[in-house]
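Let me begin by presenting the structure, written as structure tokens, before commenting on it.
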There are 2 protein chains.
Amino acid sequence: MGRNKEFDTTVVLRKAMEVFGHYGYEGTSLQILLDGLGIARQSLYDTYGTKKDLFISAVKHYTNEKSTVVLTRLDRPGSVKAAITDIFREIAAALKDEARRKECFIMHSAIDQVPHVPEIAAFFEKDASRLEEAFYQALVRAYEQGELSDRHGDLRALARYLNHSRYSLTQAAKLTPEPKVLDDIVKVTLSALDS
Amino acid sequence: MGRNKEFDTTVVLRKAMEVFGHYGYEGTSLQILLDGLGIARQSLYDTYGTKKDLFISAVKHYTNEKSTVVLTRLDRPGSVKAAITDIFREIAAALKDEARRKECFIMHSAIDQVPHVPEIAAFFEKDASRLEEAFYQALVRAYEQGELSDRHGDLRALARYLNHSRYSLTQAAKLTPEPKVLDDIVKVTLSALDS
DNA sequence: TCTTTTTCGGACCATTTAATCAAGAAATGA
DNA sequence: TCATTTCTTGATTAAATGGTCCGAAAAAGA
């Protein structure tokens with residue numbers, strides 16, 4: 001019994017990504033936050049806890065969502081190169097989409113807080129190592145399948161590079177509104193896999 | 001006549017880079033800032049103006065310093081590949097040095113402010129296009145010198161990629177304290193120039 | 001000595017901050 | 001009907017915010 005929630009908590013979480021992504025964690029005042037979420041102040045505290053709690057929830061939700069997509073693609077049977085290409089094309093597409101683009105920028109705000117919020121630091125560390133390992137395993141499989149030559153040598157380094165490149169694309173997007181630049185970066189990034 | 005300044009304004013500017021780099025622009029309270037700079041409040045306002053003025057000065061000073069190094073190397077006669085390799089090795093070295101590393105993180109704080117401080121947005125836009133052009137001209141020269149094959153094709157894309165990679169290394173450094181990871185990323189990044 | 005400049009520190013300002021408490025209205029299902 | 005939950009709003013709190021003003025001490029050169 002009791003009254004139902006009038007807002008979808010994950011929809012509001014996405015809005016939080018946008019707001020925090022635009023203003024940064026410290027740059028987002030409670031007023032700005034509430035205006036962006038479209039809910040009343042008390043609803044925020046009742047549903048998510050403090051401003052920091054909401055921020056952490058938004059960061060985790062965003063990261064998990066993105067990581068899941070990557071992990072799924074990497075586990076997909078068949079060409080590993082094709083899977084990795086898809087992953088990067090998908091990121092570029094998200095960053096070129098007016099609506100989805102805004103959510104991505106919470107990553108930047110989150111990285112700001114790494115030195116100050118232990119929970120976020122620990123979360124990112126775990127996520128990064130999980131993804132690095134997934135990339136590595138996929139690359140090993142690619143090698144076994146004959147998709148990579150000995151030229152690529154250090155697959156561990158290649159895995160780290162790919163995971164880092166994935167993260168860094170949002171930074172590039174924040175610095176330039178030009179879609180072509182993003183495409184250029186992705187293209188050259190993927191050329192690291194060429195034979 | 002009159003009393004001399006007791007502090008070196010550029011030394012204090014470097015300290016400002018560290019403080020802003022660590023806490024972010026909004027995350028840096030005036031108190032934190034003054035403690036970090038080691039000067040009195042009034043001295044700050046007399047010398048640099050407001051907190052925002054100081055931030056902008058620090059960002060510009062840092063960026064100009066780094067860009068100058070890059071432009072100088074790219075103009076150096078001889079192997080372009082060697083020059084670019086040097087540029088990235090130098091960045092990695094800075095990010096691995098306990099002291100210099102801290103200053104670099106002001107870049108991250110600066111990018112946060114791009115959507116909110118027009119002066120910073122304009123400054124970065126100019127700086128980026130200048131460097132992209134320098135990379136491009138250098139790559140053209142490299143091609144003419146026989147350092148690059150037709151495989152590399154789109155030199156404009158390659159230039160954008162290199163400039164972006166340069167920026168993004170600080171992000172990688174912020175996410176991991178592991179020097180080896182940085183080296184791995186640089187190694188693979190530079191492999192884009194391999195024949 | 002005298003004037004100028006800088007340093008330093010405290011006092012002070014209005015504003016904003018995140019967060020809590022309270023209370024009534026609206027909705028929900030037993 | 002009744003208990004429960006959420007929504008909305010306003011009041012309030014205590015602390016922190018960036019910035020200004022003032023005055024005295026300390027240099028430095030004329």
Side-chain angles (χ1 to χ4, degrees), chain A residues 1-59 106 109-110 112-113 115-120, chain B residues 1-59 106 109-110 112-113 115-120:
Chain A
M1 68 172 69
R3 183 173 175 173
N4 291 339
K5 267 215 180 328
E6 288 199 349
F7 56 90
D8 183 329
T9 55
T10 73
V11 167
V12 172
L13 219 47
R14 312 192 89 83
K15 291 184 183 172
M17 294 173 195
E18 292 188 17
V19 178
F20 282 128
H22 186 67
Y23 295 98
Y25 173 68
E26 337 253 9
T28 302
S29 73
L30 213 45
Q31 199 49 56
I32 290 177
L33 186 55
L34 294 172
D35 291 346
L37 300 183
I39 62 174
R41 177 167 41 234
Q42 203 58 26
S43 298
L44 188 160
Y45 283 95
D46 288 344
T47 310
Y48 303 99
T50 67
K51 174 187 166 186
K52 182 185 274 189
D53 292 333
L54 171 57
F55 179 71
I56 294 176
S57 295
V59 169
I106 196 180
S109 311
D112 283 339
Q113 299 304 315
H116 309 106
V117 184
E119 191 174 347
I120 290 188
Chain B
M1 66 173 67
R3 184 174 175 172
N4 291 337
K5 264 213 179 334
E6 288 198 350
F7 56 89
D8 184 329
T9 56
T10 73
V11 167
V12 172
L13 219 48
R14 311 193 89 82
K15 291 183 183 174
M17 294 173 196
E18 293 189 16
V19 178
F20 282 127
H22 187 66
Y23 295 98
Y25 173 68
E26 335 251 13
T28 300
S29 73
L30 214 46
Q31 198 49 58
I32 289 177
L33 186 55
L34 293 172
D35 291 347
L37 300 183
I39 62 175
R41 187 193 306 251
Q42 203 57 28
S43 299
L44 188 160
Y45 283 95
D46 289 343
T47 310
Y48 303 99
T50 68
K51 175 188 168 188
K52 181 185 276 191
D53 292 332
L54 171 58
F55 179 70
I56 294 175
S57 295
V59 169
I106 196 179
S109 311
D112 284 338
Q113 299 306 314
H116 309 106
V117 185
E119 190 175 348
I120 290 188

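Residue numbering restarts at 1 for every chain, and letters A, B, ... go by the order of the sequence lines.
Closest-nucleotide positions on DNA chain C for Gln31(A) and Asn4(A) were compared, and the one nearer the 5' end corresponds to Gln31(A).
Residues passing the side-chain hydrogen bond (donor to acceptor under 3.5 Å, both in side chains) test with Thr28(A): none are found, sequence neighbours excluded. Not counting sequence neighbours, the partners of Gln31(A) by the side-chain hydrogen bond (donor to acceptor under 3.5 Å, both in side chains) test are Asp35(A).
Thr47(B) comes within 4.0 angstrom of nothing in the nucleic acid, heavy atoms only.
Remark: the backbone N or O of Leu13(A) is not paired with any side-chain donor or acceptor of Thr10(A) at under 3.5 angstrom.
Of the listed nucleotides (dC8(C), dA18(C), dC7(D)), dC7(D) has the atom at the smallest distance from the side chain of Ser43(A). In the set dA19(C), dT9(D), dG18(D), dA19(C) carries the atom at the smallest distance from any side-chain atom of Thr50(A). Here the side chain of Lys51(A) is nearest to one of dT7(C), dG19(D), dA18(C), namely dA18(C).
Atom CG of Leu44(B) and atom C1' of dT20(D) are 13 Å apart (whole Å). Rounded to an integer number of Å, the gap from OH of Tyr45(A) to C1' of dT8(D) is 16 Å. Between the P atom of dT6(D) and the OH atom of Tyr48(A) lies a distance of 13 Å, rounded to the nearest Å. Atom CG in Asp46(A) sits about 8 Å away from atom P in dC7(D), given to the nearest Å. Between the CD atom of Glu26(A) and the P atom of dT16(C) there is a distance of 19 Å, rounded to whole Å. Atom NZ in Lys52(A) sits about 15 Å away from atom C1' in dT17(C), given to the nearest Å. Rounding to whole angstrom units, CZ of residue Phe7(B) and P of dT5(C) are separated by 16 Å. Leu33(A) has its CG atom 18 Å from the P atom of dT16(C), to the nearest Å.
The cationic group of Lys51(A) lies under 6.0 Å from the six-membered ring centre of Tyr25(A) and within 45° of the ring axis, placing it in a cation-pi geometry.
In summary, the side chains of Asp112(B) and Ser109(B) do not present any donor paired with an acceptor at a separation below 3.5 Å, with no hydrogens or angles considered. Ser43(A) and Asp46(A) share no donor-acceptor pair across their side chains, judged by distance under 3.5 Å alone.
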Run the side chain to side chain contact (heavy atoms under 4.5 Å, CB included) test on Leu54(A) and Phe20(A) for me, step by step, so that the C-alpha distance in whole Å, both residues' side-chain angles and the decisive distance to 0.1 Å come before the verdict.
CA-CA 10 Å; Leu54(A) 171 57; Phe20(A) 282 128; 4.1 Å; yes
Listing time: all N or O pairs from protein to nucleotides 10-16 of chain D that are below 3.5 Å?
from, atom 1, to, atom 2, distance (Å)
dA11(D), N6, Arg41(A), NH2, 3.4

